[in-house]
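All remarks here apply to the structure that follows.
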Amino acid sequence: MKFSSIVATAVVAVSIPVVAAAAEWRGWNIHVEDYPNTVALDQFAAELAETTDIKLQMFHGGVLGSQPDAIEQVRNGGIQVGQFNLGPMGPIIPTTNVVSLPFIFNDVPHMFRAMDGDVGKVFEEAMAAEGVVPLAWYDSGARSFYNSERPIMTPSDVEGLKVRVMNNDLFVDMIAQLGGNATPMAFGEVYQSLKTGVIDGAENNYPSYESTGHFEVAGFYSISQHLIIPECLCVATEAWEALDADTQAAVRTAAQNSANTQRELWAEREAASRAKVEASGVKINEVENKVAFQELMAPVYEGFIAANPDLASVIEAIQTTE
Ligand code: GTR
């Protein structure tokens, strides 16, 4: 026997495992334990454990870093699963900015019809090409303004307010059109910044306004619903491509089941969060005239289309989705 075949035999003998090694995945989530997304992600991990060899360990509460950091970690292999809002994804994957345009969706059902249909595929492809495969869309309701100073009735009520936004220039532009001063900031820093007066307000849906305690330090919530941004359950492209077709199908099924659970729990939580903040004394109002806010966003759209002419058709595809 030649030396090379002895070595080859020895290597084969020690390296073929009895069963295929299970993939060890780490998952990022920004929300607290009882949040709909958290419950739905734990369900996802449990289903993967049952139907695949993937061991997904979820890290909740943003302990693996801020959302912009986590998106990068998914792209460079440090994390395999991320539950992301598409808002902070825009600076990294420009196509996703379309869903961060103010008032792009009429309401949440319109958003899901678009994302679950053909338009959603445009985002899926753009994201997968940049290292993040979205497997299912989660509900994030509509975002409205809240602050510690006054109810916002008209756009002029935003004038001079220091408003925290997610990390994306589109949101800075949006606040500027209303005469406010936007501060991009990580989600985890908002509570303290509101409390110490570094910012006057922010904007979010009821569940996030409530679960973070922001309602305790910013007691005016004004229903403007200026942003309806989908969220995704995402897997790193590298981890995804390492799976065989059967496993990919099982992971997709688990992701869709997780999204179904999330959407159901979301509806309940929105109502519960609203009731809780109201009971604690938060003043909730509808803005007087939503169209006045919408009209002021025309320059945001014009600037965006001028900088991204190829995305005009995606905007139109959403606007013409029934
Ligand atoms: C929440 C969203 C988070 C995060 C947060 C924020 O509604 O679920 O992913 O984007 O808003 O404002 O940063």
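What you see is a predicted model, and the numbers here were worked out from it, not measured in a lab. Just the heavy atoms: all of them, side chains too, but no hydrogens, waters or symmetry mates, feed the values below. Read the numbers this way: they start at 1 and go in the same order the structure lists the ligands and their atoms.
Side chain of Trp266 to backbone of Pro36: no donor-acceptor contact under 3.5 angstrom is found. For the pair Ser144 (side chain) and Gln225 (backbone), a donor-acceptor distance under 3.5 Å is present. Remark: side-chain polar atoms of Asp244 are paired, donor with acceptor, to backbone N or O of Thr247 under 3.5 angstrom.
In terms of polar-atom proximity, Gln83 is not counted as a contact of ligand 1, lacking any N or O under 3.5 Å from an N or O of the ligand. Considering backbone and side-chain N/O atoms, Tyr35 never comes within less than 3.5 Å of an N/O atom of ligand 1. Geometrically, ligand 1 and Asn37 share no nitrogen or oxygen pair separated by less than 3.5 Å.
Of all atoms in ligand 1, numbered sequentially from 1 with element shown, those under 4.0 Å from a heavy atom of Gln67 are 3 (C), 4 (C), 9 (O), 10 (O). Short contacts between ligand 1 and Asn85, defined as distances under 4.0 Å to a heavy atom of the residue, involve ligand atoms 9 (O), 10 (O). Within ligand 1, counting atoms from 1 as listed, the ones closer than 4.0 Å to a heavy atom of Met166 are 6 (C), 10 (O), 12 (O), 13 (O).
Phe145 and His226 have parallel rings, their planes meeting at less than 30° on a 0 to 90° scale where 60° marks the start of perpendicular. Under the 30°/60° scheme for interplanar angles, the aromatic rings of His214 and Phe187 are found to stand perpendicular.
For the residue pair Asn257/Glu47, the side-chain donor-acceptor check at 3.5 Å is satisfied.
In terms of protein heavy-atom proximity, atom 8 (O) of ligand 1 is nearest to Glu231 OE2, 2.6 Å. Nearest protein heavy-atom neighbour of atom 7 (O) of ligand 1: Asn204 OD1, 2.7 Å. From the protein, the heavy atom lying nearest to atom 13 (O) of ligand 1 is Arg164 NH2, 2.9 Å. The protein heavy atom nearest to atom 1 (C) of ligand 1 is Ser208 OG, 3.3 Å.
In the hydrophobic clustering of ILVMFWY residues, with side-chain heavy atoms under 4.5 Å counting as a link, Met153 and Met297 come out apart.
Residue Ser140 places a heavy atom under 4.0 Å from ligand 1.
Contacts of Val190 with ligand 1, taken as heavy-atom pairs under 4.0 Å, are absent altogether.
Under the 4.0 Å criterion applied to side-chain N and carboxylate O atoms, Glu125 and Lys121 are not assigned as salt-bridge partners.
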